[in-house]
Amino acid sequence: MEFKNNELLRQFECRCGDRLIIIEYSIQERKLFLTKLNPNGCEDEVLINDFIKGILDQAEEKRLKIVPVNSGIVSFFKKNPSYRELLAAGIKI
């Protein structure tokens, strides 16, 4: 899974055919806030989940804790309990 971290716009970007999947973020105090998921009409749920997994794996390497703000990201954590250890303290899903 290849994706781009556009630091200027504070978003992760991934291609889905000719469309661009975007996850907006903010980093504060060693926490990665995933604020918005915009699939731009891409219906490939497997690709979107792989995109999120790639972001979470990169955050784990950088030792960042995750704060999911978007409901799509929250539902990903509900479906994938193995990633719940990355959640910031006090967040229960």
Side-chain angles (χ1 to χ4, degrees):
M1 165 60 48
E2 288 189 34
F3 63 91
K4 178 183 173 189
N5 181 0
N6 189 336
E7 293 179 6
L8 180 64
L9 297 175
R10 287 182 289 175
Q11 65 187 21
F12 296 106
E13 302 169 346
C14 176
R15 287 262 168 224
C16 176
D18 60 340
R19 299 180 180 171
L20 194 64
I21 304 169
I22 297 171
I23 296 179
E24 295 178 8
Y25 70 89
S26 175
I27 297 178
Q28 300 173 9
E29 300 176 7
R30 308 287 302 157
K31 292 179 185 156
L32 178 64
F33 290 79
L34 300 175
T35 57
K36 185 176 180 183
L37 170 63
N38 187 356
N40 287 324
C42 180
E43 300 294 327
D44 190 353
E45 191 172 325
V46 173
L47 178 67
I48 294 171
N49 285 339
D50 287 344
F51 180 35
I52 295 171
K53 287 177 185 178
I55 292 169
L56 296 179
D57 291 340
Q58 189 177 68
E60 185 176 28
E61 289 174 10
K62 294 181 179 182
R63 296 186 179 179
L64 295 174
K65 291 296 184 179
I66 306 297
V67 179
V69 178
N70 181 273
S71 62
I73 308 287
V74 171
S75 67
F76 171 84
F77 277 99
K78 287 180 181 177
K79 294 176 187 174
N80 299 283
S82 62
Y83 285 97
R84 289 187 184 173
E85 65 206 24
L86 294 175
L87 292 172
I91 296 179
K92 296 180 181 170
I93 294 178

Common cluster, Ile66/Ile22, ILVMFWY with side-chain heavy-atom separation under 4.5 Å: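 Result: no, two separate clusters.
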
Identify every side-chain donor-acceptor pair in residues 5-12 under 3.5 Å, counting partners at least two apart or on other chains, and give the distances.
from	atom 1	to	atom 2	distance (Å)
Asn5	OD1	Tyr25	OH	2.7
Asn6	OD1	Leu8	N	3.4
Asn6	OD1	Leu9	N	3.3
Asn6	ND2	Glu13	OE2	3.1
Gln11	NE2	Glu13	OE2	2.7

Write out all pairs satisfying disulfide (SG to SG under 2.5 Å) with one or both partners inside [range], taking only residues at least two apart or from two chains.
{"range": "residues 53-93", "value": "none"}
{"range": "residues 52-93", "value": "none"}
{"range": "residues 64-93", "value": "none"}
{"range": "residues 63-93", "value": "none"}

All pairs passing salt bridge (Lys or Arg N to Asp or Glu O under 4.0 Å) where residues 81-93 contributes a residue, at least two apart: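 Listed once each, the pairs would be none.
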
Qualifying salt bridge (Lys or Arg N to Asp or Glu O under 4.0 Å) pairs with a residue from residues 54-76, counting only residues at least two apart or across chains: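 Every pair satisfying salt bridge (Lys or Arg N to Asp or Glu O under 4.0 Å) with a residue in residues 54-76: there are none.
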
Exercise: identify the closest heavy-atom pair between Gly41 and Arg19: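 Heavy atoms only, the tightest pair is O-NH1, 2.8 Å.
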
List the atom pairs, donor and acceptor, that lie under 3.5 Å between side-chain atoms in residues 32-40 and the rest of the protein, sequence neighbours left out.
from	atom 1	to	atom 2	distance (Å)
Thr35	OG1	Glu24	O	3.2
Asn38	OD1	Asn40	N	3.2
Asn38	ND2	Asn40	OD1	3.3
Asn40	ND2	Leu20	O	2.4

Side chain to side chain contact (heavy atoms under 4.5 Å, CB included) between Ile23 and Phe3, worked out: CA-CA 11 Å; Ile23 296 179; Phe3 63 91; over 6 Å; no

Pro81 side chain reached by Ile93 side chain, heavy atoms, under 4.5 Å: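 No; the side chains remain at least 4.5 Å from each other.
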
Set of residues satisfying disulfide bond (SG atoms under 2.5 Å apart) with respect to Cys42, sequence neighbours excluded: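 Here the qualifying residues are Cys16.
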
Atom [atom1] of [X] and atom [atom2] of [Y]: how far apart are they, to the nearest 0.5 Å?
{"X": "Ile27", "Y": "Leu64", "atom1": "CD1", "atom2": "CG", "value": "5.5 Å"}
{"X": "Leu56", "Y": "Ser82", "atom1": "CG", "atom2": "OG", "value": "9.5 Å"}
{"X": "Glu2", "Y": "Arg15", "atom1": "CD", "atom2": "CZ", "value": "12.0 Å"}

Partners meeting side-chain contact (heavy atoms from CB on, under 4.5 Å) with Lys53 (sequence neighbours left out):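 side-chain contact (heavy atoms from CB on, under 4.5 Å) check on Lys53 returns Asp50, Phe76, Asn80, Tyr83.
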
Lys79: partners by salt bridge (Lys or Arg N to Asp or Glu O under 4.0 Å), with sequence neighbours left out: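 In terms of salt bridge (Lys or Arg N to Asp or Glu O under 4.0 Å), with neighbours along the sequence ignored, Lys79 is linked to Glu45.
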
